[in-house]
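Worksheet: one structure, shown below.
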Amino acid sequence: MPECPELHLAGRFINGTCGALVFAGGVERSPVGRGPEVPFRCEAYSISAIARGKELRLTLSALDPAAGPPPQDLVFRFGMSGSFRLCPAAELPRHAHLRFLTRESPPRALCFVDPRRFGSWRLGDAWQPERGPCVISEYQAFRENVLKNLDDRAFDKPICEVLLNQKYFNGIGNYLRAEILYRLKIPPFEKARTMLEALKEQEMRKKDPSLTLRKKVKLRQENPDLLELCHTVPKEVISAELFDPEHSDNYAAFKNWLQCYLVPGMSSLRDHNGRTIWFQVGAGEPLKLSPKGAPRKNPQVKADPEAPSPKVTPRASKQHRKAAVKPLKSQVKEEEKEEEADGPKKGHARGRRKVTAAPALPEVPLGVRRSSRTSARRGKGAAPAV
DNA sequence: CGTCCACGTCTAC
DNA sequence: TAGACCTGGACGG
């Protein structure tokens, strides 16, 4: 799940668990990995990491700086499926495109694993220059970068789309944008600039000199604004330690953490880039939802898109989310073996189907909702409906 | 078996 | 604003 929390957790994993390990030899690369060979070889080196938004930088350092090669930096992007794992060198996982071997007796390998190969790495210490400050580790700079550039045409777009613009929101991805907007019940297609300008006003009010410091702090904590949530929501994911590379799958824990994204009963639409935005329709909201104009068929909403009724439906049934469903992937995997051999295999012109057709709304019969609360998405089977 | 969908960028009509 | 780039899991017939 590579959005900034996963990158930061990967960094923490590398500095923690792998920080004490001694690595040796060269860096192995699969022929299909989306990145260059790594020209580094050393008989005793360590690896450290630092994350910035959706990038992760590794530094390979000789234990003896005098004897070994100079440090080598690498900057990774995880694409849709990248991750780091530490495993016995004799049992590499599939799609381990870059491997750092330890000097241990039965060696282990720190692997960059990436089934879809949308991820990549580059040599050197440079962050991608167009990406803005990290929402997690450079919060003040991030905030200023947004508020000082509101005249940028980028902010003409709906807030849900701007949140994916890495020039301003480095680290935010599809699940975070949904979770962040949901916390404030912001309609996803509200114009970004309007939202953010309003936020400036709020900011002034929170700084009212007639307030005591305590009051200011309290105000701030109880009324976090959108930009603050871009910082605190990802941090929640980190402190909840979902995605711990140690125990591979607490994907269940992650699903359980989600309040909006993939959650049955929430609505979803395609944005202008064909990405699915999840949100809750606030009762009585103006409903300026759909990218084009009319909200169209929305199971939840339908009927009276006008209804200016001020009552804010208190989230149909707050927290029945206790997945309690543990997939337990203990199943044995068949030793598939070398996908790497599929390198040149390219010409598979898969029939392209248009994915962007209809506004893909979750067909959730109002009556059935709240029933299958288990594994989001798959409301399948089970659901005795009523 | 086939279709649809996925935590993200990129570039090219 | 579409594809392209990929693999794999869920689901439907």
Side-chain angles (χ1 to χ4, degrees), chain A residues 1-10 30-35 51 53-56 75-83 93-97 113-122 128-131 157 161 163-167 169-180 233-234 237-238 242-243 249-251 253-255 257-258 260-262 268 270-278 291-292 325 327 329 331 333-334 336 338-340 342-363 372 374-383:
Chain A
M1 336 277 88
E3 295 183 23
C4 61
E6 293 89 315
L7 280 280
H8 280 256
L9 283 168
S30 90
V32 295
R34 309 263 283 190
K54 283 185 208 168
E55 295 185 299
L56 181 70
V75 176
F76 289 82
R77 283 178 306 123
F78 283 14
M80 292 284 265
S81 59
S83 65
R94 300 191 69 189
H95 313 297
H97 302 306
V113 180
D114 182 16
R116 296 185 70 181
R117 281 184 263 152
F118 292 171
S120 64
W121 63 88
R122 302 165 17 160
Q128 207 176 267
E130 316 80 69
R131 306 187 77 105
K157 297 183 175 182
E161 291 172 17
L163 283 174
L164 294 185
N165 184 339
Q166 303 297 298
K167 180 175 174 188
F169 295 86
N170 187 7
I172 302 301
N174 207 20
Y175 78 74
L176 283 172
R177 72 169 175 173
E179 295 299 313
I180 290 164
V233 173
V237 178
I238 290 178
L242 314 167
F243 305 125
D249 257 345
N250 17 12
Y251 189 55
F254 169 64
K255 286 238 204 92
W257 173 83
L258 295 170
C260 179
Y261 183 78
L262 295 181
S268 62
R270 294 311 175 101
D271 68 16
H272 291 303
N273 301 309
R275 303 269 263 147
T276 303
I277 173 67
W278 288 79
K292 275 293 181 195
V325 176
K329 308 201 110 176
Q331 34 144 183
K333 90 249 291 25
E334 1 96 23
E336 280 281 34
E338 298 330 73
E339 48 101 23
E340 316 304 19
D342 83 315
K345 178 187 131 168
K346 243 191 177 302
H348 55 322
R350 208 85 88 68
R352 286 233 77 73
R353 46 338 206 307
K354 56 183 322 171
V355 187
T356 341
L361 294 171
E363 308 293 343
S372 59
T374 46
S375 61
R377 194 221 247 76
R378 151 185 23 300
K380 85 101 130 297

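Reckoned from all heavy atoms, side chains included, excluding hydrogens, waters and symmetry mates. Throughout, a chain's letter reflects where its sequence line sits, starting with A, and its residues are numbered from 1. Just so it is clear, the model here is predicted, and its values are computed rather than measured.
Remark: the separation of the C1' atoms in B:dT11 and C:dT7 is 22 Å, to the nearest Å. A gap of 22 Å separates the P atoms of C:dG8 and B:dC10, to the nearest Å. C:dG9 sits 22 Å from B:dT9 when the C1' atoms are compared, rounded to a whole Å.
At the heavy-atom level, A:R131 lies under 4.0 Å from the strands shown only through sugar-phosphate atoms. At the heavy-atom level, A:E179 lies nowhere under 4.0 Å from the strands shown.
Here the side chains of A:L262 and A:W278 are in contact, with some heavy-atom distance below 4.5 Å. The shortest side-chain heavy-atom distance between A:E179 and A:Y261 falls under the 4.5 Å cut-off. Using a 4.5 Å heavy-atom threshold, the side chains of A:R77 and A:Q128 count as touching. At least one side-chain heavy atom of A:N174 sits less than 4.5 Å from a side-chain heavy atom of A:R177. Residues A:Q166 and A:R131 have side chains in contact (heavy-atom distance under 4.5 Å, counting atoms from C-beta outward).
Nearest heavy-atom pair, A:P5 versus A:P234, reported as atom, atom and distance to 0.1 Å: CG-O, 3.7 Å. Closest approach of A:L9 and A:V237 over heavy atoms only: CD1-O, 4.4 Å.
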>> For DNA chain B, please output the secondary structure as dot-bracket, reading 5' to 3'. Pairs are Watson-Crick or G-U wobble, both atom distances under 3.5 Å; mark crossing pairs with [ ], other-strand partners with |, unpaired with a dot.
In response: ||||||.|||||.
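Between the P atom of C:dA2 and the CZ atom of A:R270 lies a distance of 12 Å, rounded to the nearest Å. Distance, A:D271 CG to B:dG8 C1': 13 Å, rounded to whole Å. To the nearest angstrom, P of B:dA6 lies 18 Å from CG of A:D114. Distance A:Y261 OH to B:dC5 C1': 9 Å, rounded to the nearest Å. With rounding to whole Å, A:R177 atom CZ is found 11 Å from B:dA6 atom P. Rounded to whole angstrom, the span from the CG atom of A:L163 across to the P atom of B:dG8 amounts to 12 Å. Spacing between atom NE2 of A:H272 and atom P of C:dA2 amounts to 10 Å, rounded to whole angstrom units. Here the P atom of nucleotide B:dT9 and the CH2 atom of A:W121 are 18 Å apart, to the nearest Å.
In this structure, of C:dG8, B:dA6, B:dC10, it is C:dG8 that holds the atom nearest to the side chain of A:R94. In the set C:dC6, B:dC5, B:dT9, C:dC6 carries the atom at the smallest distance from any side-chain atom of A:R34.
In the interface, the side chain of A:R116 is paired with the base of C:dC6 through a donor and an acceptor atom under 3.5 Å apart.
Ring stacking holds between A:F118 and C:dC5, with the centres under 5.5 Å apart and the planes within 30 degrees of each other.
Between A:Q166 and B:dC10 there is no side-chain N or O to OP1 or OP2 distance below 4.0 Å. Of the side-chain N and O atoms in A:R77, none sit less than 4.0 angstrom from OP1 or OP2 of B:dG8. At least one side-chain nitrogen or oxygen of A:T276 sits closer than 4.0 Å to the OP1 or OP2 atom of B:dA6.
Screening A:H97, A:R34, A:M80 against A:D114 for a side chain to side chain contact (heavy atoms under 4.5 Å, CB included) leaves a single residue, A:H97.
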